There are 2 protein chains.
Amino acid sequence: MALADESGIDALSMRRLADALDVVPMALYKHVANKDQLLDGMIDTVISEIDPAIAGAGWRTAIRSRILSARQVLKRHPWASRVLETRSNASPVVLDYMNSMIGIFIEGGFSIDLTHHVMHAMGSRLLGFSQELFDDSASMDPEMRDAVVRQMEGRFPHIAAVVKTVYHDAGSVVGAGCDDQFEFEFALDLLLDGLESLRAKGWSSRRG
Amino acid sequence: MALADESGIDALSMRRLADALDVVPMALYKHVANKDQLLDGMIDTVISEIDPAIAGAGWRTAIRSRILSARQVLKRHPWASRVLETRSNASPVVLDYMNSMIGIFIEGGFSIDLTHHVMHAMGSRLLGFSQELFDDSASMDPEMRDAVVRQMEGRFPHIAAVVKTVYHDAGSVVGAGCDDQFEFEFALDLLLDGLESLRAKGWSSRRG
DNA sequence: ACCTGAACACCGTTCAAGT
DNA sequence: ACCTGAACACCGTTCAAGT
C-alpha cells in the first residue's frame, strides 16, 4: 500500500514490489497466491480504515458521516477506487461493511424493498467515491485558463459559460477550480433528500 | 471494437489486434500513434452512437431519453465504461456531447451555477453508466441461491434479508436477480426529481 | 517455512529497413 | 504511403531446486 500510495497503482507490479522489499519476485508467491489476492488484501485494509458507524444517531447522520469517512480514506489511497471496481467478488470485509450500511437503512425505517433499490442507487458512493468524468485537478494560471476559455467559446459555448463562472466564483486564486468536497456533498445530499422523501411516503416497487 | 465487443477489453492488445487484421503488430503504428490513441478513437465512435438530443421537448425528457440512449449504447460495448474512466483528456466528441447536455439544462431554466453542480452530481450517469458495486449478474438455480442465503444469514443478516426479497419478488424464474434497467431508472429519476426541485426553488451555491 | 533462478508466454513500443 | 523484423524493457506466473 505504501508503494501504491507513493508511486501509483501502475507502479505496483509484483516485480517492483519484490524489489522494494529486497526480495526476489517469486518470494511473494509464498505469501499470496497471485496478484489479485494481493489487491484483495489491500482493499480489505482500506475498508477497515473507514470509521465504524455512529450508534444512536438517525439513519441520515449515520450514513452520511460514514460515507464522508470512507471518502477521506479513499483520498489517502487514490488507487483504491480503481482497484475496487475491478474486484469481481466482495470479500467478507466488504460484505460486513455493506451489511452494516443496509442495517442502518432498515433500522432507520426503510422497507427492505426500498433499501434494496437504495443500495443500487447509491452504488460506489456508499464507499465514498463517485466517478467524475473530467479531471479538473489540473491547475492553471489565470492567463492560461482565460486562453482555454476563449478557445472553447466558439465550439463549446455552454461549457465555456460554466467554466467562466467557476473561475469567477473561485476568485483570482491561482489553480482554484471545482471544490471536490462541495460537489461530493452536493450530490450525496441530493440523493439523501430523495431517499428520505421516498421513505416518508412509504414508496414501494411492488405492484400488489 | 468488434474484437473488444467479442473477446473483452483485456483481449485487445496491439499484438492480438494486428493478428486479427492479418498484419504485423508494428503496422498499426502507421495509423495510430500508440494504444491510448486507439482507445480514444474507440470512445469517440461509441459516443457518436448515442442518439442526438430530442429538440423541442422539456429538459427532463431530453436529458432522460438521451441518457437512456447512452445506456443502450454502452450495453452494446460493455468495455466502453472502463475505458472511458481511464481517458485523461476529453476529446472534441466528448466535449460536444457534454456541451449539448449543459445546453439542455440551461435552456430548461437551470442557472449556470446550478448546472455546474448538476454536471458533477450526474457524473458518469450522463454517459449512461453507473458503477455498481456488486456483480449480481451470476445467475444461480434456486437451490444454489437458497444455500447462499442460508450461509449469509448468520454473518450478514441484513444482506440476506435483502437478497431474500429480491428472489421472492423475482418469483421462481431461474437466474432472475436484480433488474438493471429498473435500478438505473430508479436512481436516474431520483436525481432528476432532486434537480427539478432545486431548479424550481431557485437554488444557488453563492453566498451573495 | 521461506527464498531463489531460470524459463515461458505474454505486453507496448523503438529503430532501421524494406516496397 | 504502408508494411516488416528484430530488438528492448517490461509483465505475471510455472517449475524445480535450494536452506
Side-chain angles (χ1 to χ4, degrees), chain A residues 1-47 74 77-94 131 133 135 137-138, chain B residues 1-47 77-94 131 133 135 138:
Chain A
M1 287 179 61
L3 182 59
D5 286 348
E6 282 158 33
S7 320
I9 194 67
D10 290 335
L12 183 76
S13 69
M14 296 302 268
R15 292 168 123 102
R16 286 216 232 180
L17 176 58
D19 240 41
L21 298 172
D22 266 320
V23 111
V24 98
M26 277 318 296
L28 302 176
Y29 287 83
K30 271 287 122 130
H31 304 267
V32 111
N34 49 40
K35 190 176 181 181
D36 262 339
Q37 202 172 94
L38 174 72
L39 295 173
D40 285 344
M42 290 168 69
I43 289 301
D44 281 358
T45 306
V46 167
I47 303 288
L74 288 215
H77 309 297
W79 45 269
S81 57
R82 244 217 282 168
V83 174
L84 253 165
E85 285 176 321
T86 65
R87 298 303 86 195
S88 40
N89 293 308
S91 71
V93 174
V94 175
Q131 4 60 296
L133 277 178
D135 180 14
S137 63
Chain B
M1 287 180 61
L3 182 59
D5 287 347
E6 282 159 33
S7 319
I9 195 67
D10 290 334
L12 183 75
S13 69
M14 296 302 268
R15 292 169 123 102
R16 285 216 232 180
L17 175 59
D19 241 41
L21 298 172
D22 267 320
V23 113
V24 96
M26 277 317 296
L28 302 176
Y29 286 81
K30 272 287 123 137
H31 304 267
V32 111
N34 49 40
K35 191 175 181 181
D36 262 339
Q37 201 172 93
L38 174 72
L39 295 173
D40 285 344
M42 291 168 67
I43 289 301
D44 281 358
T45 307
V46 168
I47 303 288
H77 309 297
W79 44 270
S81 57
R82 243 217 282 168
V83 174
L84 252 164
E85 285 176 321
T86 64
R87 296 306 85 194
S88 40
N89 293 308
S91 71
V93 174
V94 175
Q131 5 58 300
L133 276 178
D135 181 15

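The model shown is predicted, which means the values in this text are computed figures rather than measured ones. Computed from heavy atoms alone, side chains included, the values below leave out hydrogens, waters and symmetry copies. Throughout, a chain's letter reflects where its sequence line sits, starting with A, and its residues are numbered from 1.
- As a whole-Å value, the separation of B:K35 NZ from C:dT14 P is 15 Å.
- The interatomic distance linking A:Y29 (OH) with D:dC11 (P) rounds to 11 Å, in whole Å.
- A straight line from CG of B:L21 to P of D:dC3 spans 10 Å, rounded to a whole angstrom.
- In this structure, a donor-acceptor pair under 3.5 Å is absent between the side chains of B:S91 and B:D40.
- Other residues, nucleotides and ligands contribute more than 12 heavy atoms inside 6.0 Å of the CZ atom of B:R87.
- Between the CE atom of B:M26 and the P atom of C:dA16 there is a distance of 13 Å, given to the nearest Å.
- Regarding A:D10, its CG atom lies at a distance of 14 Å from the P atom of D:dC10, rounded to whole Å.
- Atom CG of A:D19 and atom C1' of D:dC10 are 13 Å apart (whole Å).
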Stepwise side chain to side chain contact (heavy atoms under 4.5 Å, CB included) check, B:H31 with B:L38: CA-CA 9 Å; B:H31 304 267; B:L38 174 72; over 6 Å; no
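- Proximity of A:H31 to the phosphate of C:dC3: a side-chain N or O atom is located under 4.0 Å from OP1 or OP2.
- What separates CG of B:N34 from P of C:dT14 is a distance of 8 Å, to the nearest Å.
- Using a 4.0 Å heavy-atom criterion, one finds that B:M14 contacts the sugar-phosphate atoms exclusively.
- When Watson-Crick and G-U wobble pairs are counted only if both distances are under 3.5 Å, D:dA6 pairs with C:dT14.
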Worked check of side chain to side chain contact (heavy atoms under 4.5 Å, CB included) between B:V83 and B:M42: CA-CA 9 Å; B:V83 174; B:M42 291 168 67; over 6 Å; no
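- Here D:dC11 presents its P atom at 13 Å from CG of A:L28, a figure rounded to the nearest Å.
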Candidate pair A:V94 and A:N89, rule side chain to side chain contact (heavy atoms under 4.5 Å, CB included), full reasoning: CA-CA 9 Å; A:V94 175; A:N89 293 308; over 6 Å; no
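- Distances from the side chain of B:R16 to the nucleotides C:dC11, D:dC3, C:dT13 place C:dC11 closest.
- For A:R15 and D:dA9, the shortest distance from a side-chain N or O to OP1 or OP2 is not below 4.0 Å.
- At C:dC3, none of the side-chain N or O atoms of A:K30 fall inside 4.0 Å of OP1 or OP2 (strictly under the cut-off).
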